[in-house]
Protein chains: 2
Amino acid sequence: MIKNFIENANFEDTGFSYTLSLISGKYKMVILYCLMEYEVVRFNELKRYLKNISDKTLSTNLKELESDRLIIRREYPQIPPKVEYSLSDRGKSLMAVLDQLCIWGEKNKLG
Amino acid sequence: MIKNFIENANFEDTGFSYTLSLISGKYKMVILYCLMEYEVVRFNELKRYLKNISDKTLSTNLKELESDRLIIRREYPQIPPKVEYSLSDRGKSLMAVLDQLCIWGEKNKLG
DNA sequence: CCGTATCCTTGCCGATACTG
DNA sequence: CAGTATCGGCAAGGATACGG
């Protein structure tokens, strides 16, 4: 899988590069983790978990995660508005793989 | 593993965050991939594989990868100088895990 | 050949104010 | 409550010149 990336295409076209692009940035992984832990979470709830994130950044990240189909956004047409975010099946399957990175990190942390 | 990160600590302390910090940036993964493929590679050789990378960025990245003990730098005391870079065992073990991300990406790429 | 030094550009992210 | 709009800071990365 990995070993053919150089001959056949450039790095941008690899599955690895694609996967990383889904979770790049400072907060996406933490958002996914929160959704994994709490399952269904509202906007301001997420803001409290992700201490110090700005409205703009959270909003941007949620939109990207949704368009990458890792999370599901469910909007209730009411006043005041209510929106719930949760992991999609696709998002859950990604988290399973990322857990392996977590385990490697715990085992191999230096110092 | 993942599920306890919120209660026990913040995201910065997780193994996952640590692992990602090792390969963050635009080029580190590509460098590791090159070393996996070609095993022993010299500085200017890497520069040719990583089209458009600047001397400074390549130099910085190699130093960080070395201090994180993912790669090995071997210098030959001669003129003109000769330096060879290769994956450490630790680097190889990380690549094995990253391959899983690559596979997930290939399977789940949209469009 | 293998870098370092310097300056510059760019894109992510934060802060704040405002809206349906 | 759940965002959007606008402005601005800051650090990663790029371009180029130079050094051992």
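To find a chain, count down the sequence lines: A is the first, B the second, and so on, and within it residues start at 1. The basis for the numbers below is simple: all heavy atoms, side chains too, and nothing from hydrogens, waters or symmetry mates.
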Under 3.5 Å: donor-acceptor pair, side chain of B/Ser88, backbone of B/Ile72: no
Atom CG of B/Leu110: over 12 foreign heavy atoms under 6.0 Å: yes
Touch class at under 4.0 angstrom, heavy-atom based, for A/Lys47 against every strand present: nothing
Rounded interatomic separation in angstrom, taking CD from B/Glu75 and P from D/dG20: 15 Å
Whole angstrom value for the distance that separates P of D/dG3 from CG of A/Leu65: 13 Å
Parallel, tilted or perpendicular: rings of B/Phe43 and B/Tyr85 (30°, 60°): tilted
Residue mapping more 5' on DNA chain C - nearest nucleotide basis, A/Pro80 or A/Asn61: A/Asn61
Among C/dC2, C/dG3, D/dG3, the nucleotide that comes nearest once only the side chain of A/Asp55 is considered: D/dG3
Protein-nucleotide distance (A/Leu58, atom CG; C/dG14, atom P), rounded to Å: 10 Å
Distance test, side-chain N/O of B/Tyr27 to OP1/OP2 of D/dG14, below 4.0 Å: yes
Side chain of A/Lys63 - closest among C/dG14, D/dG3, C/dC2: D/dG3
Listed nucleotide nearest any side-chain atom of B/Arg73, set C/dG3, D/dG3, D/dG14: C/dG3
Residue-phosphate contact under 4.0 Å: B/Thr57 side-chain N/O, D/dG14 OP1/OP2: yes
Separation of C/dC1 C1' from B/Glu84 CD (nearest whole Å): 13 Å
Side-chain donor-acceptor contact under 3.5 Å, B/Thr14 with B/Ser17: no
Euclidean distance, B/Leu62 CG relative to B/Arg73 CZ, rounded to 0.5 Å: 9.0 Å
A/Ser59 side chain, from C-beta outward: closest of D/dG14, D/dT4, C/dG3: D/dT4
Euclidean distance, atom CD1 of residue B/Ile31 to atom P of C/dC2 [Å, nearest integer]: 15 Å
Nucleotide of D/dC1, C/dC13, C/dC2 approaching A/Arg42 most closely (side-chain heavy atoms): D/dC1
Comparing A/Lys56 and A/Leu62 on DNA chain D - which has the more 5′ nearest nucleotide: A/Leu62
Closest nucleotide among D/dG14, C/dG3, C/dC13 to the A/Lys26 side chain: C/dC13
Spacing of A/Ile53 atom CD1 relative to C/dA15 atom P, expressed in whole Å: 11 Å
Distance in angstrom units between B/Ile79 CD1 and D/dG19 C1', rounded: 12 Å
Sugar-phosphate, base or nothing in reach of A/Tyr76, heavy atoms under 4.0 Å: nothing
Proximity to the side chain of B/Phe43 - top-ranked nucleotide from C/dG3, D/dG14, C/dC13: C/dG3
B/Tyr18 and A/Trp104 aromatic ring geometry - parallel, tilted or perpendicular at 30°/60° bounds: parallel
Spacing between B/Arg74 atom CZ and C/dC2 atom C1', to the nearest angstrom: 17 Å
